[in-house]
Amino acid sequence: MRRLAILSLVFISLIFMAADSPCNWEDIKKTCEAELKPFKYYAFKVSRIDFGTESQFKEVQIPLFRDSEYRFIFNTSSLPEGIKIQIWNAPSRFEGRKLIYEAPQGEDIIVYDPPKTLFNNRIYLNYVIPASTKTELDQTSSGCVVFYSGFKH
Amino acid sequence: MKKSLISSIILSLFFISCGDGNQQSNDSSQEADVQEEFLKEESGEADMETETFILPSTLQIGTIFQRSGIGYIDGVVTDPSQIDAYVSKNAKLMNFGLYSADLAYCILNGQSQKSLEFLNAVKSLAEGIGYSSIFSDQNLYKRFEANIDNKDSVLNLLVEIQENTDVFVEGNSMHEQTYVIFAGAWVEGMYLGINAFNKENKGDIAKRLVEQMNIMTNLNKALESSERDLSDVDFVVDFLKDFENFYNNLESIRDENGIVNVREATIADEDIDKMSSMVKDLRNKIIAVS
């Protein structure tokens with residue numbers, strides 16, 4: 001009986017935690033959609049970020065097709081602290097890679113149309129996440145970046 | 001003084017010119033290094049641990065081949081009335097992807113009646129895999145039917161279906177299912193591209209096929225790392241791995257330095273023939289799976 005009560009408490013806590021989740025990606029995505037025209041939807045990716053005592057790094061490969069033009073939209077509004085968003089022509093392990101774009105800091109919505117000449121058949125998104133400035137980390141130290149993209153010919 | 005000025009200008013131009021040459025040389029050398037890095041990625045030599053990736057929409061794959069001169073080939077798409085033959089979840093998922101690619105192909109080629117037949121097939125398969133909500137949103141199916149003769153409107157609705165699918169998958173953490181769906185779509189995209197291959201468009205189609213191979217590398221990684229039980233469709237997983245190895249060993253796609261230049265790559269006719277036969281064989285096995 002006691003075990004059941006504990007399990008119920010854990011379950012209820014999880015429900016409340018989910019309800020308070022700092023990453024409401026569906027609403028965030030809607031704000032990105034408004035920036036998409038005249039491009040057609042291509043893909044989106046939600047990257048969840050938990051700030052910690054150490055800096056972190058996330059890399060996402062985006063396949064692209066020649067003859068197409070793309071629009072990339074980043075929404076960082078749910079993040080409690082700033083991160084660096086970069087676009088590279090090769091993965092991070094490759095020393096000779098070239099930085100294609102670095103998003104301006106302090107903006108919640110970033111729209112970028114990469115010139116066709118700057119990419120091959122893929123590009124690499126890098127999220128450089130600094131160590132948190134907070135002394136106590138809790139649920140409010142988390143959030144997400146929504147990457148939303150479109151294409152046209 | 002005048003002579004000295006002219007000499008200075010000439011000298012400056014010489015250095016600027018040399019500088020441009022060095023810059024171009026550096027750029028092409030850097031480009032070759034990046035291509036080599038991609039090659040390592042594709043052959044599995046490179047460490048991919050920190051990297052995740054996205055898979056593109058089936059619509060864009062269809063659109064890409066369309067721009068290479070693919071016209072509608074009668075009888076090339078699968079039979080949309082065969083959907084009841086698919087029993088297992090993986091068979092339904094994979095054919096949901098395959099039929100979606102056929103739907104995109106029919107729409108792009110203005111085949112209204114066929115598009116409607118495939119829309120019904122895709123909708124039934126979506127219901128069979130628990131994805132019916134992707135059509136119920138904003139009466140998408142009814143809007144599709146009502147606009148079936150308007151290619152642009154229907155294409156926009158197809159994009160909406162794709163986005164609804166991605167949202168549904170993200171919201172329900174079903175990413176592993178999308179790998180199976182995408183496998184079906186990818187194979188059908190290749191099948192349609194290979195069937196359209198002829199003397200006139202072979203250069204362009206070959207470049208598109210090379211582009212598709214990068215996506216296959218990602219797909220293979222996703223399927224290999226999947227915790228989903230894929231035993232009933234393991235022939236697809238095995239094939240894709242073999243196909244990737246076959247492709248990586250092709251000499252015709254590389255330049256004299258062994259580098260695959262995606263923009264310039266060509267595939268020898270005999271290699272295309274072999275790829276064609278492999279893809280056709282796999283595609284027929286997928287539509288026959290139950």
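Note on naming: letters A, B, ... go to the chains in the order of the sequence lines (proteins, then strands), and numbering restarts at 1 for each one.
- When heavy atoms are compared at a cutoff of 4.5 Å, A:Gln56 does not approach chain B at all.
- For the pair B:Glu170 and A:Arg48, the salt-bridge criterion is met [side-chain N within less than 4.0 Å of a carboxylate O].
- The two residues A:Tyr42 and B:Ile54 have their closest heavy-atom pair at CE2-CD1, 4.4 Å.
- With contacts defined as side-chain heavy-atom distances shorter than 4.5 Å, the pair B:Pro56/A:Phe151 does not qualify.
- For the pair A:Lys45 and B:Phe53, the tightest heavy-atom approach, listed with the atom from each and the gap, is NZ-O, 4.5 Å.
- Between B:Leu155 atom CG and A:Lys40 atom NZ the span is 6.0 Å, to the nearest 0.5 Å.
- The stretch residues 144-153 of chain A participates, sequence neighbours left out, in no salt bridge (Lys or Arg N to Asp or Glu O under 4.0 Å) pair at all.
- Summarising the geometry, atom OH belonging to A:Tyr41 is positioned 13.0 Å from atom CD1 belonging to B:Ile161; distances are rounded to the nearest 0.5 Å.
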Item to check | Check against side-chain contact (heavy atoms from CB on, under 4.5 Å), B:Glu163 and A:Lys29 | outcome: CA-CA 11 Å; B:Glu163 189 166 359; A:Lys29 190 175 88 64; 2.5 Å; yes

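- Interface residue B:Ile215: only side-chain heavy atoms are found under 4.5 Å from chain A.
- Checking side-chain atoms of B:Thr52 against main-chain N and O of A:Gln61 turns up no donor-acceptor pair under 3.5 Å.
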